[in-house]
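Computed from a predicted structure; not experimentally measured. We're numbering straight along the sequence, starting at 1.
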Amino acid sequence: MQKTFQVPHTPIEQFSLGNGLRVVLNEDHSVPVVSVAVYYDVGSRNEREGRTGFAHLFEHMMFQGSENVPKAAHFQYISNAGGTMNGTTSSERTNYFETLPASQLPLALWLESDRMRSLSVTQENLDNQRSAVQEEKRLRYDNQPYVNGFLRLFEMCFRNHANSHSTIGSMEDLDAATVDDVREFFRIYYAPNNAVLSIAGDFDMIETRALVETYFATIPSQPEPPPVDVSEPADVAQHQDTFFDKLAPVPAFALGWKIPERRSPDFYSLSLASHLLFEGESARLYQKLVKGEESVVQIQGGIDERRGPSGLFIVVIPKPDSEGGQIRDAILAEIGNLATEGPSDEEMEKLRNNLFNSAVRSRQSSLFRAQQLAEFTLYDNEPELFNSDLANYLKITAGEIRDAVAKFLDNDNRVLLEIVPGSQETAAAPLEPGEPKQPTAPPPQVPAAPDERTTGSLGMPQPHAEPAIDRAES
């Protein structure tokens with residue numbers, strides 16, 4: 001790809017406090033707002049067997065008050081100041097972030113430093129937030145079709161426990177957690193030397209450095225957390241499985257591949273290949289299965305980007321009158337074509353335009369800048385990648401995309417998860433025949449045939465096919 005456009009350079013300053021806290025600043029006066037992001041180097045990858053779900057539990061615990069902030073007051077302070085805030089957990093990190101009017105920057109720094117210094121870890125807070133997480137699992141996982149099935153993909157792809165278990169974790173592990181377990185987790189992972197503070201937006205550099213020193217410099221550091229081994233063998237853990245889902249209205253299936261770690265040359269190539277395959281209405285699989293064959297209700301795809309072995313997944317809900325096996329064959333054939341022929345010149349130009357468009361649009365958000373700067377600092381210790389990483393995508397050639405797809409996707413080292421409506425017991429154990437002496441059944445009462453123009457083979461309205469969308473990180 002030849003360069004014809006340059007994304008404006010983002011000014012970045014960084015420094016570290018004596019306690020090890022890394023600080024990244026991006027001063028920009030275009031809009032009178034400021035965003036603050038604190039990233040802790042702890043995610044589900046850091047959890048040992050028998051103690052899963054702790055990283056996500058702490059995302060909840062961090063809003064339960066600290067020495068100078070009452071329980072749940074963090075929300076109220078930010079909201080009353082005209083700001084927004086949230087926190088998320090992934091396999092790689094836990095983050096907390098706020099966007100406020102520029103004049104409220106001291107408030108955000110005070111709130112973040114107070115809970116880093118003196119989180120209220122009590123039995124009461126553990127009990128109520130453990131219940132909150134369990135309710136979240138019931139609401140967002142156990143009572144939603146397909147979701148628990150798709151969690152199996154990680155277990156099927158990865159052999160290493162650090163990679164294979166879900167962020168939500170085990171409810172049994174959370175039930176077994178003691179307040180001492182939680183305090184120790186906080187001491188190890190919620191220390192300034194295990195965190196990055198990023199600030200982007202309308203602020204004065206000298207004043208902000210002084211504020212950071214005031215609020216964060218006296219928080220004591222802790223010994224380095226234990227290292228994490230995320231190494232994986234090349235082969236997936238399990239090639240095929242069936243998940244019985246009593247909430248699923250129709251069958252579905254998912255395909256998954258193990259791919260290299262983020263920021264490796266093959267990862268860049270496969271990331272671009274994923275855009276060609278399932279991102280947007282012009283993507284190959286959308287055009288083939290939704291527009292062309294009209295065989296799917298929905299197709300989604302995404303890359304689970306990690307510092308270690310990562311994953312690429314495709315999820316499909318076929319139309320009731322479509323054969324899942326034929327759809328899988330069509331997907332694999334399209335992957336095979338990309339592995340043999342590579343992208344066209346037109347597709348490479350589309351990729352280039354999309355990369356520039358995304359880079360320009362996203363950089364307009366102070367929150368995006370704060371989060372990306374924190375991530376590059378936490379993962380790579382190099383915030384300037386915010387300015388340079390785009391070039392790593394732009395220099396990927398059509399041949400490199402072709403070769404990466406051939407090496408990692410166009411082979412049998414993949415997982416297939418089929419999701420079948422109903423319970424396993426129902427599917428595995430048909431009803432026993434009735435007693436031979438029971439009365440003869442009455443004559444069948446046959447209802448009128450449904451209007452085939454408005455109903456599908458399951459007697460349900462035919463839904464419209466939806467475009468491919470990214471997997472959202474919770």
Side-chain angles (χ1 to χ4, degrees), residues 37-64 66 74 85-97 112 115-116 119-122 125-137 139-141 147-148 151 153-155 158 160-198 222-230 262 304-311 371 374-375 377-379 471-474:
V38 180
Y39 276 54
Y40 292 92
D41 193 0
V42 57
S44 59
R45 72 204 296 261
N46 300 91
E47 298 165 349
R48 69 181 193 272
E49 294 189 56
R51 286 294 182 267
T52 62
F54 268 45
H56 177 246
L57 173 66
F58 252 89
E59 178 197 324
H60 289 253
M61 291 286 291
M62 285 288 277
F63 294 98
Q64 292 306 294
S66 49
H74 194 115
M85 48 137 295
N86 212 335
T88 67
T89 309
S90 76
S91 63
E92 306 299 296
R93 85 304 174 264
T94 310
N95 66 357
Y96 306 89
F97 45 88
E112 291 294 354
R115 61 182 175 182
M116 181 187 290
L119 183 69
S120 179
V121 182
T122 65
N125 286 344
L126 171 59
D127 290 342
N128 64 45
Q129 290 312 297
R130 178 163 44 200
S131 297
V133 170
Q134 291 169 340
E135 178 61 27
E136 178 184 349
K137 185 176 186 299
L139 178 66
R140 297 180 58 189
Y141 294 78
V147 175
N148 277 327
L151 291 182
L153 289 171
F154 300 106
E155 299 170 356
F158 301 115
N160 187 331
H161 174 266
N163 305 322
S164 63
H165 72 280
S166 67
T167 302
I168 193 71
S170 160
M171 297 303 101
E172 291 77 13
D173 288 353
L174 291 183
D175 282 336
T178 68
V179 70
D180 288 337
D181 292 331
V182 176
R183 285 180 180 139
E184 183 68 2
F185 193 89
F186 177 76
R187 183 191 66 79
I188 294 173
Y189 293 107
Y190 277 77
N193 50 302
N194 199 49
V196 170
L197 168 64
S198 177
Q222 297 293 332
E224 290 297 318
V228 180
D229 175 17
V230 294
R262 61 180 290 279
D304 184 27
E305 179 178 336
R306 302 186 181 195
R307 284 176 275 180
S310 302
Q371 291 181 312
E375 183 172 299
T377 306
L378 189 72
Y379 296 171
R471 177 188 61 81
E473 182 174 56
S474 65

How close do [X] and [Y] get, heavy atom to heavy atom, and via which atoms?
| X | Y | result |
| --- | --- | --- |
| Ala374 | Tyr39 | CB-CD1, 3.4 Å |
| Ser166 | Leu151 | CB-CD2, 4.1 Å |
| Met61 | Ser120 | CE-O, 4.4 Å |
| Asp229 | Asn160 | O-ND2, 2.8 Å |
| Val42 | Tyr189 | CG2-CG, 3.7 Å |
| Phe54 | Ala177 | CZ-CB, 3.4 Å |

Could you check whether the rings of Tyr190 and Tyr40 sit parallel, tilted or perpendicular, using 30° and 60° as the cut-offs?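 Tilted, since the angle between the ring planes falls between 30° and 60°.
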Let me confirm one number: the CD1-CG distance from Ile188 to Asn46, rounded to the nearest 0.5 Å.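 If we round to the nearest 0.5 Å, Ile188:CD1 and Asn46:CG are 10.0 Å apart.
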What distance separates Lys137 NZ from Met171 CE, expressed to the nearest 0.5 Å?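 Going from NZ on Lys137 over to CE on Met171, the span is 5.5 Å.
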Do [X] and [Y] have side chains that get closer than 4.5 Å, going by heavy atoms?
| X | Y | result |
| --- | --- | --- |
| Asn193 | Glu224 | yes |
| Asn95 | Val38 | no |
| Arg306 | Arg262 | no |
| His56 | Val133 | yes |
| Met116 | Pro192 | yes |
| Leu57 | Leu174 | yes |
| Leu153 | Glu155 | no |
| Phe97 | Met85 | no |

Of all residues at least two apart in sequence or in a different chain, which pass the side chain to side chain contact (heavy atoms under 4.5 Å, CB included) check with Ser66?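 Side chain to side chain contact (heavy atoms under 4.5 Å, CB included) list for Ser66, sorted by chain: Val69, Asp114, Arg115, Ser118.
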Do the ring centers of Phe58 and Phe185 come within less than 6.0 Å of each other?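 Yes, they do, as the ring centres are separated by less than 6.0 Å.
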Would you call Asp181-Arg183 a salt bridge at under 4.0 Å N-O?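 Salt bridge absent between Asp181 and Arg183.
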In plain terms, say whether Asp180 and Arg187 are close enough for a salt bridge, that is, a side-chain N and a carboxylate O under 4.0 Å apart.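 Here Asp180 does not pair with Arg187 in a salt bridge, since their nearest N and O are not under 4.0 Å apart.
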Under 3.5 Å, is there a donor on one side chain and an acceptor on the other for [X] and [Y]?
| X | Y | result |
| --- | --- | --- |
| Arg93 | Thr88 | yes |
| Ser131 | Asn128 | no |
| Asn148 | Tyr141 | no |
| His165 | Glu47 | yes |
| Gln134 | Asp175 | yes |
| His74 | Gln64 | no |
| Glu59 | Thr89 | yes |
| Thr52 | Asp173 | yes |
| Glu172 | Ser170 | yes |

Do other residues, nucleotides or ligands put more than 12 heavy atoms under 6.0 Å from the CZ atom of Arg48?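 No, not enclosed.
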So does Ser310 get a backbone contact from the side chain of Asp304, meaning a donor-acceptor N/O pair under 3.5 Å?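 Pair absent, no side-chain N/O of Asp304 close to backbone of Ser310.
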